[in-house]
Amino acid sequence: MLLRSVFAKTIYDRRHGLLWWSVGIGALTVATLSVWPSVHDEYQKLVQNYPETLLAFFGIEKGGLGTAAGYLQAELFGLMLPLTLIAYMIAAGSAATAGEREAGTLEFLLSQPVSRTRVLVQKCLGLCASLALITAAFTVVLIASTRLFDLSIAISQLLAATFSAYVLAVLFGMVAMLAGSLTGHRALAAGIASAAAVAAYLLSSLAALVTGLQRFRPLSPFWWYSGHDPLRHGLEPLHIALLLVAVLICVVAAIVAFERRDLA
Amino acid sequence: MQDVSAAVLCEGLTKHFGAVRAVDDLSFTVELGEVVGFLGPNGAGKTTTIRVLLDLIRPTRGRVEVLGCDPRRGSAELRRRIGYVAGDLAMYNRLTGHELLSFLGALRGNANLQPARDLAARLDVPLDRPVGTLSRGNRQKIGLVQAFAHQPDLLVLDEPTSGLDPVSQRTFRVLVREATARGAAVLLSSHVLSEVQRVADRVAIVRAGRLVTIEPMRDLEAKALRVIEIRFGGPVDVAAFANVPGVRSVDIEGDLLRASVAGPVDALVKAAARFTVDSISGHEADLEDVFLAYYSEATGAAA
Ligand SMILES: Nc1ncnc2c1ncn2[C@@H]1O[C@H](COP(=O)(O)OP(=O)(O)O)[C@@H](O)[C@H]1O
Ligand SMILES: [Mg+2]
């Protein structure tokens with residue numbers, strides 16, 4: 001039975017969403033990679049004509065130009081993939097408690113013999129597990145597509161980048177969860193988390209162009225996600241650790257807020 | 001802990017929402033084995049009080065004990081012993097009754113769903129359809145099923161009979177009596193007295209967040225005005241009933257007398273016995289009037 005706990009129900013409730021988000025990301029991935037065979041000769045010339053600032057904005061290093069890793073970074077990992085995963089997690093995170101409060105079902109759930117902390121933690125874990133399923137589906141399609149469309153890149157590098165994107169999306173999901181616990185309003189929580197994600201993205205990408213911003217770049221979770229270019233260099237433990245610590249802080253703060261407020 | 005038998009104890013309970021004083025210095029108890037009707041007009045603060053008991057909201061001030069525990073510290077273990085039906089009952093609409101009950105069973109760590117299924121059968125509610133597709137009355141019944149099935153020590157029921165058909169209302173009253181018979185306490189809120197009249201041992205009336213009165217149902221009933229109709233063998237003089245104790249108003253049309261009586265009708269019957277009486281009929285005490293009188297009294301006091 002799929003309704004054995006709040007954790008299981010969180011995943012069960014998202015089952016249709018899980019399918020469609022996976023199909024969507026998979027289709028996007030296949031579409032993006034399928035053009036590689038026809039463009040990869042032209043690609044090097046093409047990107048060389050891009051202004052250097054634009055390349056920097058998308059996080060493409062000089063050395064990555066014209067390689068499969070550079071292509072994947074520019075077309076998929078630079079924006080589309082994190083954007084999609086983050087959008088999923090913000091929608092899910094803001095619906096989890098604030099959305100349930102607005103629907104009135106939180107009162108029903110919390111009148112049962114479960115503690116608030118247990119409800120919140122299991123919902124967080126349920127969301128992370130559901131995102132893991134989407135990310136796993138994406139990873140399978142990604143690896144298959146690189147093999148099918150002749151992108152030469154090691155599986156370990158793909159896994160490193162995908163894992164980084166997963167942790168980044170978890171972080172903004174937990175920001176949405178925290179905002180939901182603080183405000184109690186789903187739309188507001190989603191707005192706050194989205195604003196935080198856009199700000200983090202702009203800080204990381206604009207910092208490449210604006211000299212004054214350069215030194216603030218290490219403060220952006222987007223920098224922790226891709227600053228070390230995991231598609232070429234694998235995981236950077238410090239950056240992953242920073243992401244995980246930020247996740248933990250959000251979850252603990254969300255629990256504290258959730259334990260304190262009026263929930264009906 | 002002086003009052004060990006109290007299932008619910010509120011002392012000076014106060015809850016403000018910003019400038020709104022939803023509950024203001026409210027004190028009352030519910031003892032084990034009794035049913036307390038919790039009455040008041042819409043917006044009186046009944047739901048707010050009840051949510052404090054369930055630890056869904058936190059009081060601004062005051063002491064609250066539920067089954068001997070502070071609701072906040074009692075948390076999940078305390079709620080295990082409470083059955084609750086919310087005023088604005090919102091359950092998981094996409095789950096079927098079966099799915100919902102098994103989810104709740106899992107949260108409780110209780111795999112035996114048979115009592116819940118039996119109760120659903122008694123209330124005649126289908127469990128194989130998504131809860132959201134059921135009529136309001138049937139959803140309300142599922143709310144009752146999940147509250148009563150685990151035989152809690154305290155039932156907190158926020159306007160539970162709204163939307164129920166008369167047959168289910170009767171089943172509901174039987175369930176309440178079964179619960180008190182095994183020693184459970186019941187707090188039953190309503191904005192109409194007639195809903196609690198037949199089950200409540202005591203009635204607490206609140207208005208604008210304040211307690212107007214808490215007293216035994218019989219005392220309240222004794223204050224109710226009863227309309228007595230007496231048909232005589234011939235015309236009678238109204239003066240003969242002018243100063244009969246308990247009679248608040250008399251009205252005679254030909255040989256038919258209609259009187260409003262507070263409390264026992266003994267004096268009226270004895271006064272009537274001097275004449276030839278064809279028939280006597282009495283209407284059930286209209287408690288709604290007593291109730292309304294309390295509301296307006298409270299308004300008068302506040303003004
Ligand atoms: N969450 C809330 N925020 C602001 N005001 C509230 C809230 N909940 C209840 N109130 C107000 O508190 C008062 C009492 O409401 P309630 O307890 O629901 O009354 P009842 O259940 O007796 O109809 C009302 O004036 C209501 O508008
Ligand atoms: Mg109410």
Side-chain angles (χ1 to χ4, degrees), chain A residues 1-20 92 95-123 125-126 130 180-186 255-264, chain B residues 15-18 22 47-48 50-60 71-96 98-111 113 131-132 139 142-143 146-147 150 152 156 158:
Chain A
M1 196 53 198
L2 286 159
L3 291 164
R4 268 178 329 209
S5 61
V6 174
F7 169 76
K9 182 171 176 295
T10 305
I11 301 172
Y12 179 77
D13 284 346
R14 310 208 70 83
R15 65 198 181 283
H16 301 300
L18 278 179
L19 180 67
W20 291 118
T97 53
E100 265 214 45
R101 191 197 69 84
E102 286 178 336
T105 53
L106 192 61
E107 171 165 9
F108 180 67
L109 179 58
L110 289 172
S111 70
Q112 303 297 326
V114 278
S115 73
R116 292 183 179 194
T117 298
R118 188 161 144 219
V119 165
L120 193 89
V121 168
Q122 292 204 8
K123 276 176 176 284
L125 291 174
S130 74
S181 294
L182 286 169
T183 68
H185 296 283
R186 191 191 58 78
I255 291 172
V256 171
F258 197 59
E259 280 286 346
R260 285 190 180 187
R261 55 172 287 124
D262 287 349
L263 291 173
Chain B
K15 176 66 186 182
H16 298 174
F17 294 106
T47 298
T48 303
I50 281 171
R51 283 175 171 164
V52 170
L53 302 181
L54 271 294
D55 190 41
L56 294 162
I57 60 180
R58 269 67 190 256
T60 308
R72 181 156 190 186
R73 275 194 288 145
S75 189
E77 277 315 302
L78 175 58
R79 288 193 295 273
R80 187 176 290 285
R81 301 170 60 198
I82 305 177
Y84 176 53
V85 179
D88 333 285
L89 183 59
M91 297 177 294
Y92 293 111
N93 280 338
R94 286 195 231 149
L95 301 186
T96 65
H98 281 301
E99 288 171 337
L100 188 70
L101 292 176
S102 73
F103 175 58
L104 298 181
L107 292 185
R108 211 165 257 291
N110 166 22
L113 300 178
V131 172
R139 271 203 305 274
I142 294 197
Q146 59 85 30
H150 55 94
V156 179
D158 197 356

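Naming convention: chains lettered A, B, ... in sequence-line order (proteins, then strands); numbering from 1 in each chain.
- Enclosure of atom CZ in B/Arg94 is not indicated, since only 12 or fewer non-hydrogen atoms of other residues, nucleotides or ligands lie within 6.0 angstrom.
- At least one donor-acceptor pair closer than 3.5 Å links the side chain of A/Arg15 to the backbone N or O of A/Tyr12.
- Heavy-atom pairs under 4.5 Å with chain A were tallied for B/Ala86, B/Gly109, B/Ala106, B/Ala90; the largest tally goes to B/Ala90.
- Only the backbone of A/Ser5 comes within less than 4.5 Å of a heavy atom of chain B; no side-chain atom from C-beta onward does.
- Counting heavy atoms of neighbouring residues, nucleotides and ligands inside a 6.0 Å radius, atom CZ of A/Arg14 exceeds 12 of them.
- The candidate with the highest count of non-hydrogen atom pairs below 4.5 Å against chain B, out of A/Arg118, A/Gln112, A/Glu259, is A/Gln112.
- Of the atoms belonging to B/Leu78, not a single heavy atom falls under 4.5 Å from chain A.
- In plain terms, the two heavy atoms of A/Leu182 and A/Ala257 that are nearest each other are CD2-CB, 3.7 Å.
- The two residues B/Val85 and B/Gly143 come nearest to each other via the heavy atoms CG2-O, 3.4 Å.
- Counting heavy-atom pairs closer than 4.5 Å to chain A, the top residue among B/Leu107, B/Leu54, B/Leu100 is B/Leu107.
- Atom CZ of A/Arg260 is surrounded by 12 or fewer heavy atoms from other residues, nucleotides or ligands within 6.0 Å.
- Neither the backbone nor the side chain of B/Arg81 comes within less than 4.5 Å of any heavy atom of chain A.
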CA sep, side-chain torsions, deciding dist, call: B/His150, B/Leu104, side chain to side chain contact (heavy atoms under 4.5 Å, CB included): CA-CA 11 Å; B/His150 55 94; B/Leu104 298 181; over 6 Å; no

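- Neither the backbone nor the side chain of B/Ile82 comes within contact range of chain A; no heavy atom of the residue lies under 4.5 Å from a heavy atom of that chain.
- A cation-pi contact links A/Lys9 to B/Tyr92, judged by a cut-off of 6.0 Å to the six-membered ring centre and 45° from its axis.
- Heavy-atom distances place both the backbone and the side chain of B/Phe103 under 4.5 Å from chain A.
- Chain B forms the most heavy-atom pairs under 4.5 Å with one residue out of A/Val114, A/Asp13, A/Leu109, and that residue is A/Val114.
- Put simply, of A/Ser115, A/Gly104, A/Ser111, the one with the most heavy-atom pairs under 4.5 Å next to chain B is A/Ser111.
- In this structure, the portions of B/Arg80 lying under 4.5 Å from any heavy atom of chain A include both its backbone and its side chain.
- Only the side chain of B/Gln146 comes within contact range of chain A, with heavy atoms under 4.5 Å apart.
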